[in-house]
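Order of the sequence lines fixes the chain letters, A, B, ..., with proteins taken first and strands second; residue numbering starts at 1 for each chain.
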Amino acid sequence: MEPESPFIPYLARLQSVTDLTPDTKLFNLELNDPAMRDNFDYSPGQFAFLSAFGVGEAPFCLASVSYRKAGLEFAVRRVGTVTSALHELEPGATVGVRGPFGNHFPLEDYKGRNIIIIGGGIGMAPLRPVINTIIDHRDDYGDLLIINGARTPQDLVFAPEFDIWAASPRSRVELTVDRGDEAWTGRVALVPDVVKELKPSPENAITITCGPPIMIHFVLEALRMLGFSDHQIVTTLEGKMKCGLGKCARCNVGEYYICKDGPVFTFEQISRFIEQF
Amino acid sequence: MTFVMSKEDLRSWLGQLMEERTLIAPTSTDGLILFQQIARVEEVVLDFDNTVLPPKGCFFPATETLFTVQREDGRINLIPSVVARETVLFGLRPCDANGIALLDKPFLAEPSDTLYQQHRDKTILVGLSCNKVSPECFCTSVGGAPNDSSHLDILLTKIEEGCIIQAITERGKALLPLKQAPQTEAQPPSPPCPEVVPVAGALEVIRQVFGDTYWSRLADRCIHCNLCAYVCPTCYCFDVRDYEDGGRIERVRTWESCQSPGFTRIAGGYDPRSSGGARLRQRFYHKLLYFAEQFGAISCVGCGRCVKFCPVNIDIREVVRDIQSLGVKGGA
Ligand SMILES: Cc1cc2nc3c(=O)[nH]c(=O)nc-3n(C[C@H](O)[C@H](O)[C@H](O)COP(=O)(O)OP(=O)(O)OC[C@H]3O[C@@H](n4cnc5c(N)ncnc54)[C@H](O)[C@@H]3O)c2cc1C
């Protein structure tokens with residue numbers, strides 16, 4: 001008997017598919033093998049590859065929390081070949097799951113701190129399990145400020161959950177869009193400008209931010225202006241990757257592989273990379 | 001264990017090996033020396049500088065099915081590929097054996113790439129030392145030697161009467177014919193000395209040269225044909241895709257190259273390494289710096305294939321010299 005290849009995915013059943021935005025769906029999966037279901041533990045920030053057999057596989061953040069044991073969830077935005085094939089699937093379909101891969105947000109180290117979450121678009125996917133872990137263990141953490149932006153109100157990925165997040169003690173949810181619509185009465189502003197407007201204090205704080213590269217760039221600038229140090233600002237890097245094992249060399253940047261040394265890095269680490277990503 | 005094998009004995013030994021195993025050896029096809037599966041012993045070529053392509057495809061094929069998807073009564077089964085047959089890889093140069101040892105580092109690092117591992121376990125390496133050097137060789141500058149036996153099971157050295165045979169490993173010893181000529185006093189010819197490239201000097205300053213405009217100037221003439229990666233014994237970037245043909249689905253791994261445009265492009269179109277200069281720099285930095293930091297050895301064996309085949313004469317030996325001189329200038 002040869003050892004199992006790390007390229008063979010676990011088989012899983014698609015339990016439900018929920019439309020989150022016009023181009024993003026939430027997939028809830030259950031691994032076919034009951035023993036695997038119990039052993040598949042993961043932490044916020046980690047990711048897995050999803051396979052649409054016959055089309056291919058691509059990496060996605062685990063958008064659920066492991067300890068709730070309510071299935072593996074992924075928020076998938078349709079952008080290309082694999083993501084379109086996944087969007088075609090109906091509940092009951094079989095997909096492949098390979099993972100979990102990568103490091104995670106070191107939430108244990110953030111206990112007692114104020115947490116600022118800044119997410120743009122599909123960048124909320126890795127932040128959702130962070131938020132849920134904090135609200136499930138509310139006393140372990142200080143104040144929670146969530147700043148979430150999207151192109152339009154319809155593109156706010158986890159809209160149905162905002163009320164739950166905001167109802168948690170010492171928590172605030174601040175939303176913003178690039179372009180409003182008739183129903184929208186909230187902010188119309190870019191995420192970095194909202195950061196400047198709200199001026200969160202760097203005192204005893206950690207900021208976790210994910211989103212498009214351009215948003216990250218200006219959020220970083222705004223946070224530095226407010227006095228945040230780079231070691232207080234954490235993000236996930238996205239890199240093209242094909243294996244998740246540090247082998248295909250696609251996501252290599254300097255001495256690191258985003259898939260196994262990341263995807264979570266502080267800006268202090270990123271600024272020391274020989275190559276800027 | 002060292003002895004001399006006559007040309008006739010060598011032929012009959014190879015014939016014997018072919019009976020139970022796949023024999024892969026250098027052959028001449030339309031004047032190109034290539035590793036191919038041997039059907040008749042006469043096809044084996046022993047007189048050549050080096051093969052056009054390295055033997056890396058024996059372990060990491062240009063295209064290889066990782067698993068096949070079977071659908072049965074609505075259920076899906078994934079059938080992993082298995083390497084069944086024992087293989088003898090015959091006639092590889094010491095630099096290429098070193099290349100295989102370098103491929104081992106990423107592929108066998110935990111979690112081990114089991115398919116690669118099977119190819120390695122099932123293949124015996126019979127090397128052929130170099131009696132002459134090609135103009136583009138520089139193995140001695142990167143820790144190799146024309147008669148280096150380190151990563152081989154058996155090393156052959158051609159002499160007038162036939163071959164001096166050295167069994168390097170127990171596995172190699174077991175492959176040799178039982179009836180052997182007595183141990184030999186014959187000395188292999190002293191190895192030729194390839195050109196010296198200042199690798200150590202360049203490595204001392206390579207970090208300082210990262211931001212230099214040198215890389216974009218060098219890339220001005222690069223046409224991103226990926227040939228350097230294709231002929232390289234140590235390049236191992238790969239892509240993974242699904243192929244569906246008549247209902248049969250396979251997940252396939254193929255060679256990729258960091259020189260391809262779009263190699264690092266992510267969803268949304270952002271590409272952190274969109275310029276040719278950044279991509280070309282990645283090739284040299286990965287080989288000379290990042291791989292070395294990760295695995296303790298640079299990933300170049302000095303075979304010179306990229307030098308020989310680059311259509312625009314980008315020469316890694318010159319690049320190494322340029323890194324050194326730019327670093328010295330920058331540091332002064
Ligand atoms: C660690 C990690 C976590 C991730 N988490 C998530 C997540 O939670 N949710 C999520 O939705 N995504 C996530 N992603 C991104 C996701 O992996 C990609 O969206 C996915 O790989 C796209 O695959 P695809 O086959 O659908 O797209 P592809 O077909 O590969 O296309 C990808 C992009 O490249 C462009 N493109 C493709 N070919 C060309 C070309 N020839 N010329 C120009 N442009 C081209 C496409 O327009 C598209 O924007 C994550 C990525 C990483 C690395």
Side-chain angles (χ1 to χ4, degrees), chain A residues 2-12 32 49 51-59 76-83 85 92-96 98 121-122 212-214 237-258 260-261 274-277, chain B residues 66-67 69 71 74-83 106-107 109-118 207 210-211 235-244 247-251 253 256 258 262-273 278 281-282 285-286 289-294:
Chain A
E2 299 290 347
E4 188 80 327
S5 158
F7 284 98
I8 307 262
Y10 307 124
L11 296 177
N32 287 2
F49 283 79
S51 286
F53 293 115
V55 181
E57 68 174 1
V76 176
R77 176 157 174 236
R78 194 182 60 232
V79 296
T81 321
V82 174
T83 48
T94 299
V95 296
R98 214 155 56 78
I122 189 66
I214 186 81
L237 285 184
E238 185 180 337
K240 184 112 184 169
M241 54 180 72
K242 290 290 176 169
C243 72
L245 310 164
K247 298 190 194 293
C248 78
R250 267 283 212 342
C251 68
N252 167 247
V253 44
E255 294 90 317
Y256 302 101
Y257 290 83
I258 293 173
K260 67 183 185 64
D261 302 309
I274 189 168
E275 183 176 20
Q276 280 317 303
F277 247 55
Chain B
L66 297 170
F67 62 83
V69 182
R71 285 178 203 273
R75 287 205 26 237
I76 285 184
N77 282 321
L78 307 180
I79 316 296
S81 298
V82 179
V83 180
F107 282 115
E110 277 302 312
S112 173
D113 187 303
T114 50
L115 198 51
Y116 178 91
Q117 172 96 58
Q118 288 182 54
R207 282 183 175 274
F210 189 86
C235 273
Y236 64 93
C237 291
F238 61 80
D239 197 14
V240 177
R241 282 165 187 272
D242 282 10
Y243 278 97
E244 181 155 14
R248 183 188 166 85
I249 297 172
E250 291 172 46
R251 179 148 302 162
R253 159 158 72 194
E256 234 307 8
C258 61
F263 183 73
T264 47
R265 182 177 47 228
I266 57 174
Y270 174 68
D271 188 349
R273 208 178 280 141
R281 179 177 60 194
Q282 171 69 11
Y285 273 68
H286 191 220
L289 183 63
Y290 312 150
F291 190 92
E293 300 234 335
Q294 198 182 359

Checklist outcome for this item: Whatever's closer than 4.5 Å to a heavy atom in chain B on Cys243(A) counts as side chain

Checklist entry - What is the distance from atom CD1 of Ile8(A) to atom CG of Leu78(B), rounded to the nearest 0.5 Å? => result 6.0 Å

Next on the checklist: Quick check on the interface: out of Arg273(B), Glu244(B), Arg265(B), Arg71(B), who has the most heavy-atom pairs with chain A under 4.5 Å?
Outcome noted: Arg273(B)

Checklist entry - Relative to chain A, which segment of Ala109(B) carries a heavy atom at a distance below 4.5 Å: side chain, backbone, both, or neither? => result both

Item to check | Under 4.5 Å from any heavy atom of chain A - which part of Ser112(B) | outcome: backbone

Checklist outcome for this item: When every non-hydrogen atom of Gly254(A) is compared with those of Tyr290(B), the smallest separation belongs to O-CG, 3.1 Å

Checklist entry - Measuring heavy-atom distances to chain A, does Glu250(B) have an atom under 4.5 Å in its side chain, in its backbone, in both, or in neither? => result neither

Item to check | chain A contact via Cys258(B) - which portion, at a heavy-atom distance below 4.5 Å | outcome: neither

Item to check | Contact leader toward chain B among Thr94(A), Leu11(A), Val79(A), where contacts are heavy-atom pairs under 4.5 Å | outcome: Leu11(A)

Checklist entry - Under the salt bridge (Lys or Arg N to Asp or Glu O under 4.0 Å) test, which residues partner Arg250(A), sequence neighbours left out? => result Asp239(B), Glu256(B)

Item to check | Within 6.0 Å of CZ in Phe107(B), more than 12 heavy atoms from elsewhere | outcome: yes

Checklist outcome for this item: Assert top hit (heavy-atom pairs under 4.5 Å, partner chain A, pool Pro106(B), Ser81(B), Ala278(B)) equals Pro106(B)

Checklist entry - Which answer fits Leu115(B), side chain, backbone, both or neither, if we ask what part of it has an atom under 4.5 Å from a heavy atom of chain A? => result neither

Checklist entry - Which atoms of Arg248(B) come close to chain A, meaning under 4.5 Å heavy atom to heavy atom: side chain ones, backbone ones, both, or neither? => result neither

Next on the checklist: So for Ile274(A), is it side chain, backbone, both, or neither that comes closer than 4.5 Å to the heavy atoms of chain B?
Outcome noted: both

Item to check | Heavy-atom proximity to chain B below 4.5 Å, by part of Tyr256(A) | outcome: neither

Item to check | Pairwise side-chain contact, Thr114(B) with Glu4(A), heavy-atom cut-off 4.5 Å (strictly under) | outcome: no

Checklist entry - Given the options Gln276(A), Lys242(A), Lys247(A), Glu275(A), which has more heavy-atom pairs under 4.5 Å with chain B than any of the others? => result Lys247(A)

Item to check | Residue pair Leu245(A) / Pro111(B), side-chain heavy-atom distance below 4.5 Å | outcome: yes

Item to check | Under 4.5 Å from any heavy atom of chain A - which part of Val69(B) | outcome: side chain

Next on the checklist: Treating Lys240(A) as the side-chain partner and Phe263(B) as the backbone partner, does any N or O pair qualify as donor plus acceptor under 3.5 Å?
Outcome noted: no

Item to check | Between CZ on residue Phe67(B) and CZ on residue Phe53(A), distance to nearest 0.5 Å | outcome: 5.5 Å

Checklist entry - Which bit of Val55(A) is near chain B, if near means a heavy-atom gap under 4.5 Å: side chain, backbone, both or neither? => result backbone

Next on the checklist: Which one wins on heavy-atom pair count under 4.5 Å against chain A: Leu66(B), Ile76(B), Ile266(B)?
Outcome noted: Ile266(B)

Checklist entry - Roughly how far, to the nearest 0.5 Å, is the CZ atom of Arg75(B) from the CG atom of Asn32(A)? => result 8.5 Å

Checklist entry - Of the backbone (N, CA, C, O) and the side chain (C-beta and beyond), which part of Arg281(B) lies under 4.5 Å from a heavy atom of chain A, both, or neither? => result side chain

Checklist outcome for this item: d(Met241(A) CE, Thr264(B) OG1) to nearest 0.5 Å is 12.0 Å

Next on the checklist: Do Ser51(A) and Arg251(B) pair up side chain to side chain, a donor and an acceptor below 3.5 Å, judged on atom types alone?
Outcome noted: yes

Checklist entry - Do Tyr270(B) and Glu238(A) meet the criterion of a side-chain donor-acceptor pair at a distance under 3.5 Å? => result no

Item to check | Side-chain ion pair, Arg207(B) and Glu255(A), N-O less than 4.0 Å | outcome: yes

Checklist entry - Which answer fits Pro9(A), side chain, backbone, both or neither, if we ask what part of it has an atom under 4.5 Å from a heavy atom of chain B? => result both

Checklist entry - Atom CD of Gln117(B) and atom OG of Ser5(A): how far apart are they, to the nearest 0.5 Å? => result 12.0 Å

Checklist outcome for this item: d(Phe291(B) CZ, Asn252(A) CG) to nearest 0.5 Å is 11.0 Å

Next on the checklist: Please classify the contact of Asp271(B) with chain A as side chain, backbone, both or neither, using a heavy-atom distance under 4.5 Å.
Outcome noted: neither

Checklist entry - For Ala58(A), is it the side chain, the backbone, both or neither that has a heavy atom under 4.5 Å from a heavy atom of chain B? => result neither

